[in-house]
Q: 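Provided herewith is a single structure, encoded as structure tokens, for subsequent inquiry.
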Amino acid sequence: MVYLNFTDLSEEAQNRLLENSKKDVERKFGDAIRKYVKENYTCFETIIEEEAMRNLYSYTFIFNP
């Protein structure tokens with residue numbers, strides 16, 4: 001679960017969430033993504049960024065007043 005404050009939905013907070021999601025994706029799927037990148041000659045950072053955006057939808061957000 002990710003706890004957010006309604007008063008802190010700034011761009012910095014959004015970037016922090018995305019960076020946390022990138023770390024989460026790399027921890028969970030890093031080896032599989034590296035293999036995919038090597039086989040398909042794509043950019044690792046681009047794939048991580050795309051998967052991190054998708055990963056955000058799997059989080060449960062709780063908004064504090």
Q: If you round to the nearest 0.5 Å, how far is CD1 of Ile33 from CD of Glu50?
A: 10.0 Å
Q: Does Leu56 share a hydrophobic cluster with Phe63, counting links as ILVMFWY side-chain heavy atoms below 4.5 Å and allowing steps through other members?
A: yes
Q: Run the numbers on Arg54 and Val25 for side chain to side chain contact (heavy atoms under 4.5 Å, CB included), then give the verdict.
A: CA-CA 10 Å; Arg54 286 188 196 103; Val25 166; over 6 Å; no
Q: Around Phe44, counting heavy atoms of other residues, nucleotides and ligands shown, do more than 12 lie under 6.0 Å from its CZ?
A: yes
Q: For the pair Gln14 and Glu19, evaluate side chain to side chain contact (heavy atoms under 4.5 Å, CB included) and give the outcome as yes or no after the intermediate values.
A: CA-CA 9 Å; Gln14 292 175 34; Glu19 288 302 316; over 6 Å; no
Q: Side chains of Ser21 and Asp24: is there a donor and an acceptor less than 3.5 Å apart?
A: no
Q: Using the rule that Ile, Leu, Val, Met, Phe, Trp and Tyr join whenever any side-chain heavy atoms are under 4.5 Å apart, tell me whether Met53 and Ile48 fall into a single cluster.
A: no
Q: Determine whether Leu18 and Glu49 make a side-chain contact, defined as any pair of heavy atoms from C-beta on separated by less than 4.5 Å.
A: yes
Q: Do other residues, nucleotides or ligands put more than 12 heavy atoms under 6.0 Å from Asn40 CG?
A: yes
Q: I need the Thr60 OG1 to Ile62 CD1 distance, nearest 0.5 Å.
A: 7.5 Å
Q: Is Arg34 salt-bridged to Glu26, going by a charged N under 4.0 Å from an acidic O?
A: yes
Q: Are Ile47 and Phe29 linked, directly or through intermediate hydrophobic residues, by side-chain heavy-atom contacts shorter than 4.5 Å (ILVMFWY only)?
A: yes
